[in-house]
Amino acid sequence: GENVEQHPSTLSVQEGDSAVIKCTYSDSASNYFPWYKQELGKRPQLIIDIRSNVGEKKDQRIAVTLNKTAKHFSLHITETQPEDSAVYFCAAETGTALIFGKGTTLSVSS
Amino acid sequence: DVKVTQSSRYLVKRTGEKVFLECVQDMDHENMFWYRQDPGLGLRLIYFSYDVKMKEKGDIPEGYSVSREKKERFSLILESASTNQTSMYLCASSFELAANEQYFGPGTRLTVT
């Protein structure tokens, strides 16, 4: 079955720096890759997703890149702000469900 | 605006008790999911349902069962609660089964003593 590996598990940056979180997946049939953000004490919420027919997608300060050949995708956050501090989860679809990575705790210090 | 609600935010139960966690969504979504979230382990799928009375096992179904009698409601049942089931339980719903946004509930923090 699908396996999703996410790195790093924790990431600390200074406000204004960029942050990159990387995920790899095992099932070459996966075609949908969402990223969820979970702030402390709150529910996970979708922040961006990408489908296999595109290599990159941007939404203001966040972007996701996908390399289907290498089976990895990454989340890029530019000009980080304290409100970006949260746990980020990547996921890959299996056809019937999403398999999530173990999460990255991002801390942005001002 | 999609709304997914869960019956309790915090729950404390004793070992061996039967526990019911309920989830309700108001967006007429076909698909509903139950996850457990543990530190360092991410979100792990317990069960999902793609229609009323239909259910499928996820990655960690042992010790759990589910019920979906109405489209908007999906229940997770712990037949005989054990201490290793102490966790955060999150419900989610979506329009499509996999390649679509999932909307999560606020979670239920279950402690089994």
Side-chain angles (χ1 to χ4, degrees), chain A residues 1-11 21 23-27 29-54 57 59 64 66 68 73 86-106, chain B residues 1-6 8-10 21 23-25 27 29-51 54-61 66 74 87-109:
Chain A
E2 176 72 278
N3 183 47
V4 177
E5 299 283 341
Q6 182 172 348
H7 298 281
S9 57
T10 60
L11 181 58
I21 302 170
C23 288
T24 60
Y25 61 98
S26 59
D27 188 351
S30 293
N31 289 307
Y32 175 67
F33 307 92
W35 287 88
Y36 285 78
K37 175 184 180 182
Q38 186 178 29
E39 296 177 8
L40 190 63
K42 297 195 174 179
R43 68 192 76 190
Q45 290 191 298
L46 179 73
I47 54 171
I48 195 166
D49 56 15
I50 191 167
R51 298 181 190 272
S52 60
N53 57 344
V54 298
K57 185 177 179 180
D59 183 2
V64 58
L66 171 65
K68 280 224 77 179
F73 56 112
V87 179
Y88 292 81
F89 294 98
C90 65
E93 60 89 17
T94 67
T96 56
L98 290 178
I99 302 299
F100 286 85
K102 294 182 178 180
T104 296
T105 300
L106 173 64
Chain B
D1 207 22
V2 178
K3 193 168 184 182
V4 181
T5 57
Q6 295 182 227
S8 305
R9 289 302 304 272
Y10 300 94
L21 303 182
C23 175
V24 177
Q25 52 94 4
M27 281 301 292
H29 283 167
E30 301 288 340
N31 309 289
M32 297 187 74
F33 308 83
W34 274 106
Y35 296 91
R36 66 176 281 176
Q37 182 176 16
D38 301 288
L41 296 180
L43 301 168
R44 293 181 293 166
L45 182 64
I46 304 171
Y47 267 97
F48 65 98
S49 169
Y50 52 89
D51 202 351
M54 305 306 290
K55 60 185 179 185
E56 292 285 344
K57 293 180 180 178
D59 295 324
I60 52 165
V66 290
F74 191 33
S87 187
M88 171 67 82
Y89 290 88
L90 289 163
C91 173
S93 72
S94 71
F95 179 63
E96 290 179 11
L97 196 54
N100 200 240
E101 179 174 4
Q102 290 190 10
Y103 296 86
F104 284 85
T108 296
R109 171 76 63 186

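For the numbers below, each heavy atom of this structure counts, side chains included, while hydrogens, waters and symmetry mates do not. So that the names make sense, note that chain A is the first sequence line, chain B the second, and so on, each numbered from 1.
Of the candidates B:Asp59, B:Leu43, B:Leu45, A:Ile99 forms a side-chain contact (heavy atoms from CB on, under 4.5 Å) with just one, namely B:Asp59.
Only the side chain of B:Tyr35 comes within contact range of chain A, with heavy atoms under 4.5 Å apart. Interface remark: A:Phe33 contributes no atoms to any contact with chain B (heavy atom separation under 4.5 Å). Heavy atoms of B:Gln37 lying under 4.5 Å from chain A belong exclusively to its side chain.
Taking CZ from A:Phe100 and CD from B:Gln102, the interatomic distance works out to 5.0 Å, rounded to the nearest 0.5 Å. Distance check, rounded to the nearest 0.5 Å: CD1 of A:Ile47 to CD of B:Glu101 gives 11.5 Å.
A:Thr96 places a side-chain heavy atom less than 4.5 Å from the side chain of B:Phe48.
The backbone N or O of B:Ala92 sits nowhere less than 3.5 Å from a side-chain atom of A:Arg43 that would complete a donor-acceptor pair. The backbone N or O of A:Leu46 lies less than 3.5 Å from no partner atom in the side chain of B:Tyr103, so there is not a single donor-acceptor pair.
Among A:Lys102, A:Lys42, A:Gln38, A:Arg51, the residue making the largest number of heavy-atom pairs under 4.5 Å with chain B is A:Lys102. When each of A:Thr105, A:Val4, A:Leu98 is checked for heavy-atom pairs under 4.5 Å with chain B, A:Leu98 comes out on top. Chain B forms the most heavy-atom pairs under 4.5 Å with one residue out of A:Gly101, A:Pro44, A:Gly103, and that residue is A:Pro44.
By the side-chain hydrogen bond (donor to acceptor under 3.5 Å, both in side chains) test, A:Ser52 is found to be paired with A:Asn31, residues two or more places apart in sequence or in another chain being considered. In this structure, A:Glu93 has no side-chain hydrogen bond (donor to acceptor under 3.5 Å, both in side chains) partners at least two apart in sequence or on a different chain.
Within 6.0 Å of CD on B:Glu96 lie more than 12 heavy atoms contributed by other residues, nucleotides or ligands.
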